[in-house]
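Would you mind keeping the following structure in view while I ask a few things?
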Amino acid sequence: MERIIWEENLNICVQNIDEQKQKIADHINRIYQKHEEKAEPRVLFDLLNDLGEGLRIHFALEEKIMQQLGYPELAEHRKLHKFFIRKTLNLRRLISDDPDNIRDEALVFLGHWLVEHIRTEDQRFGPYARTRIFVDQHRRNKRVR
């Protein structure tokens, strides 16, 4: 399985979001590595469980920032996040039900979805967020004077 290589063009330059997404990508790479090493199903189960929890925390922060900034596509973005968490937890369930039946393609989906989500959805949010933050700071500075 091809590892996720974090490149600068994946950054959206908003608060802690980039750093968290890099950690998620690293976590997915660990899942790939353990799968290739034929780790015990419990190891993959635990890694997927941790990934699901990390996704919940990250997506909650990202959605909170989107809400604070009045991002008009928040509802649709939230649906995409819920979909990805559900898929991740379904993979965890598959490992629990039939550990020998986890195919590479099922795990590759994790990295593919994350990178495509960043390149499309998050890259639309980045410029919006930076503009709103700049405008809000400019307005606050004008009031202070």
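The chain is numbered in sequence order, starting from 1.
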K87 side chain reached by L110 side chain, heavy atoms, under 4.5 Å: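 Not in contact.
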Determine whether D97 and L94 make a side-chain contact, defined as any pair of heavy atoms from C-beta on separated by less than 4.5 Å.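 Sidechains of L94 and D97: no contact.
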Counting C-beta onward and ignoring hydrogens, is there a side-chain heavy-atom pair between Y71 and I65 closer than 4.5 Å?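 A side-chain contact under 4.5 Å is absent here.
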Are D46 and R42 close enough that some pair of their side-chain heavy atoms sits under 4.5 Å apart?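 Yes, side chains in contact.
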Closest heavy-atom contact between V14 and A129?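 Closest pair (atom of V14, atom of A129, distance): CG2-CB, 3.8 Å.
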Below 4.0 angstrom, N of the basic side chain to O of the carboxylate: do E36 and R3 qualify?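 Here E36 pairs with R3 in a salt bridge, since their nearest N and O are under 4.0 Å apart.
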Any idea which heavy atoms bring T88 and G52 closest together, and the distance?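 Here T88 and G52 meet closest at CG2-N, 4.1 Å.
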State, to 0.1 Å, how close Y32 and V108 come at their nearest heavy-atom pair, and which atoms those are.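 For Y32 and V108, the tightest heavy-atom pair comes out as OH-O, 3.3 Å.
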Can you find a heavy atom in the side chain of H27 that is under 4.5 Å from one in the side chain of K23?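 Of all side-chain heavy-atom pairs linking K23 with H27, none is under 4.5 Å.
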Close side-chain approach of R78 and M66, heavy atoms under 4.5 Å: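 Answer no - side chains too far apart.
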Is there a donor-acceptor contact under 3.5 Å linking the side chains of H77 and H117?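 Yes - a donor-acceptor pair under 3.5 Å links their side chains.
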Check whether any side-chain heavy atom of H58 lies under 4.5 Å from a side-chain heavy atom of I17, and answer yes or no.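 A side-chain contact exists here, since the closest heavy-atom pair is under 4.5 Å.
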Enclosure of E2 CD (heavy-atom neighbours >12, cutoff 6.0 Å):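 Atom CD in E2 is not crowded, with 12 or fewer foreign heavy atoms closer than 6.0 Å.
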Can a side-chain donor-acceptor contact be found between E63 and Q67 if the only test is distance below 3.5 angstrom?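 Per modelled atom types, Q67 and E63 side chains form no pair under 3.5 Å.
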Side-chain contact, heavy-atom cut-off 4.5 Å: I118 with W6?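 Yes, at least one pair of side-chain atoms sits under 4.5 Å.
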Could you check whether E40 pairs with K34 (Lys NZ or Arg NE/NH1/NH2 to Asp/Glu carboxylate O, under 4.0 Å)?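 No, no charged N to carboxylate O under 4.0 Å.
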Under 4.0 Å between a side-chain nitrogen and a carboxylate oxygen: does that hold for R30 and D26?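 Salt bridge flag = no for D26 with R30.
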